[in-house]
There are 2 protein chains.
Amino acid sequence: MSRGSDAEREFLEAYEPRDYPSIAVTVDLVVLAVAQGVLHAALVRRGGHPFKGMLALPGGFVAPRESAGDAAARELAEETGLDLGGLPAHIEQLASYSDPDRDPRMRVVSVAHLVLLASDGGALPGLSAGTDAASAAWHPVHAVLESPMAFDHATILRDGLERLAGKMEYTTVAAHLLPAEFTMTQLRSVYEAVWDTQLPAGNFTRKMLPHLAATGRKTQPAVGAPAALFTAEQRHIHPPLSRRRTGPAG
Amino acid sequence: MSRGSDAEREFLEAYEPRDYPSIAVTVDLVVLAVAQGVLHAALVRRGGHPFKGMLALPGGFVAPRESAGDAAARELAEETGLDLGGLPAHIEQLASYSDPDRDPRMRVVSVAHLVLLASDGGALPGLSAGTDAASAAWHPVHAVLESPMAFDHATILRDGLERLAGKMEYTTVAAHLLPAEFTMTQLRSVYEAVWDTQLPAGNFTRKMLPHLAATGRKTQPAVGAPAALFTAEQRHIHPPLSRRRTGPAG
DNA sequence: ATCCTTCTTATCAATCCGACAATAATTGGG
DNA sequence: CCCAATTATTGTCGGATTGATAAGAAGGAT
């Protein structure tokens with residue numbers, strides 16, 4: 001940036017950051033992937049107080065010279081042992097959580113992020129516990145939401161799931177939970193895993209087809225007809241897919 | 001909360017918040033209202049360095065014992081002089097901005113909020129400048145987005161406008177820019193102001209009517225037929241209204 | 001060859017959409 | 001009082017989209 005006037009440079013040199021209300025800033029990660037047709041979240045079990053033994057989201061402090069997005073990418077590797085060297089994980093900011101009492105130890109504002117990992121539907125990438133955690137493992141999201149979690153992490157996980165479910169109505173973001181090339185059935189099963197429902201195959205294809213690009217290749221499945229492989233074109237789906245709603249909107 | 005075990009209480013009493021990377025947390029406000037069929041934003045002109053004389057969003061520090069949402073409501077009153085004693089302003093969190101260099105003075109993470117003020121379409125509520133500002137005034141959003149703003153506030157304002165424009169497709173959030181009771185034409189003019197476009201009246205009515213509740217009352221306009229008064233009801237609009245898009249989705 | 005499984009395409013009535021026209025309810029002016 | 005002007009509301013029409021369901025196509029297995 002070349003916006004510095006003489007007066008402004010002078011001001012900045014004289015400026016002394018004083019005792020402004022100082023708050024620790026962290027990132028918490030909602031890391032999602034699909035296996036066996038079920039949406040899973042990468043969660044850690046807390047090894048120390050508070051909330052010892054309870055499930056929590058992976059996360060950690062934002063370093064002095066990094067943005068929240070950079071911190072999210074770094075903590076994803078550190079806290080879960082996931083090495084995304086090649087795989088391009090989709091990371092987007094979710095929301096910030098700032099209740100003064102959300103952490104009993106000290107004042108912490110957390111910038112939550114949503115992370116989508118590609119998976120072929122079979123085995124999930126292996127996890128290894130980070131610093132503060134006793135263990136890290138994948139848990140079925142819709143089941144684990146029934147039980148309590150550490151801090152306000154149940155709320156964050158719920159918000160992350162709702163964000164993903166909602167965005168899948170009008171974007172092709174679901175493709176980030178699949179390899180670069182995928183079949184229509186794979187994509188539909190991602191929708192079914194996240195929305196926790198069943199979708200008619202024929203109508204799903206009709207609606208989704210205009211928003212995908214055919215590669216020309218086909219799968220060689222063990223049984224049944226071969227399926228065409230597609231890649232997602234990042235675009236808006238309009239009108240959106242319809243998802244049966246439970247309650248009113250926020 | 002009654003989750004404190006003996007071991008946990010013991011831990012918390014012994015816990016000493018040490019020198020964790022400490023960052024100042026602020027809120028920035030995108031305050032919007034409609035007047036004369038044009039969407040306006042409440043902006044301040046900076047009275048001191050850096051970015052002296054440039055337009056900026058109102059905002060301020062989050063106090064040690066308040067959440068970001070509470071801080072947003074407080075700063076809305078302090079920085080703009082708006083007293084929302086009676087009027088229920090709609091406040092929702094937008095996103096957080098955490099680039100380490102976004103403020104040249106010190107490390108500041110800002111939790112941006114979107115604020116929608118009700119207006120009858122005529123005069124906008126009066127503004128008065130707060131502490132850090134030389135003046136506070138309403139500016140037409142679509143025009144002011146063409147010129148630069150202080151810090152990353154142009155980005156925040158753009159994000160806020162896009163959030164509102166998008167959410168208006170599938171919710172009745174636009175009603176928060178109007179009094180509790182409003183006519184179909186008033187609501188349509190809010191859509192036209194935010195989307196910066198024209199909408200056919202007949203089709204708009206057909207699409208919106210199921211999501212509003214008729215009060216039975218009517219307006220007494222100076223000229224033309226009287227219009228029915230509605231209140232906003234159902235929150236999800238499905239399928240959504242269609243807005244002509246410019247670029248791909250995020 | 002025939003069956004089974006899975007992917008893909010087709011059909012059909014009901015609904016919804018954009019474009020546009022017609023009707024209704026007022027005020028103001030001759 | 002009657003008519004033009006203005007604004008709100010309702011109606012119409014062909015085309016597109018939807019949900020439900022079925023038919024067709026492409027393999028492998030028996």
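Source: prediction; values computed, not measured. Residue numbers start from 1 in every chain, and the chains themselves are labelled A, B, ... in the order their sequence lines are given, proteins ahead of strands.
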N/O donor to acceptor pairs below 3.5 angstrom from side-chain atoms of residues 114-130 of chain A, sequence neighbours left out:
residue	atom	partner	partner atom	Å
A/Ser119	OG	A/Val34	O	2.6
A/Ser119	OG	A/Gly121	N	2.9
A/Asp120	OD1	A/Gly122	N	2.9

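One atom, CG of B/Leu199, and another, C1' of C/dC17, lie 14 Å apart when rounded to the nearest Å. B/Leu229 places its CG atom 12 Å from the P atom of D/dA8, with the value rounded to the nearest Å. Remark: P of D/dT18 and CG of A/Leu241 are 9 Å apart, rounded to the nearest angstrom. When rounded to the nearest whole Å, the span between NE2 of A/His238 and P of D/dT17 equals 10 Å. Separating the CG atom of B/Leu209 from the P atom of D/dA8 is a distance of 15 Å, rounded to the nearest angstrom. Atom CD of A/Gln198 is separated from atom C1' of D/dA20 by 16 Å (rounded to the nearest Å). With rounding to whole Å, A/Met208 atom CE is found 13 Å from D/dG19 atom P.
Among residues two or more places apart in sequence or in another chain, the ring pair (Phe, Tyr, Trp, His ring centres under 6.0 Å) test is passed with B/His211 by none. Taking the ring pair (Phe, Tyr, Trp, His ring centres under 6.0 Å) definition, one finds that A/His139 meets it with nothing, sequence neighbours left out. Applying the ring pair (Phe, Tyr, Trp, His ring centres under 6.0 Å) rule to B/His153 yields the partners B/Phe151; only residues at least two apart in sequence or on another chain are considered. Residues meeting the side chain to side chain donor-acceptor pair (under 3.5 Å) test with B/Asp152, sequence neighbours left out: B/Arg102. Scored by the side chain to side chain donor-acceptor pair (under 3.5 Å) test, B/Ser96 finds A/Ser96 as partners (sequence neighbours excluded).
When each of B/Arg163, B/His113, B/His176 is tested with B/Glu92 by the rule side chain to side chain donor-acceptor pair (under 3.5 Å), just one qualifies, namely B/Arg163.
Within residues 175-187 of chain B, the residues approached by DNA chain D to less than 4.0 Å at the level of any non-hydrogen atom are B/Met184, B/Thr185, in residue-number order.
The side chain of A/Arg206 lies closest to D/dA20 when the candidates are C/dC7, D/dT10, D/dA20.
Not one side-chain nitrogen or oxygen of B/Lys207 sits closer than 4.0 Å to the OP1 or OP2 atom of C/dC16.
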- Message: For a quick check, with a 4.0 angstrom heavy-atom cut-off, what is the B/S/- contact string for nucleotides 21-30 of chain D, read 5' to 3'?
- Response: -----BSS--

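Proximity of A/His142 to A/Leu161: side-chain heavy atoms (C-beta onward) are separated by under 4.5 Å at one or more points.
The side-chain hydrogen bond (donor to acceptor under 3.5 Å, both in side chains) contacts involving residues 180-195 of chain A comprise A/Glu181-A/Arg217, where partners must be two or more places apart or lie in separate chains.
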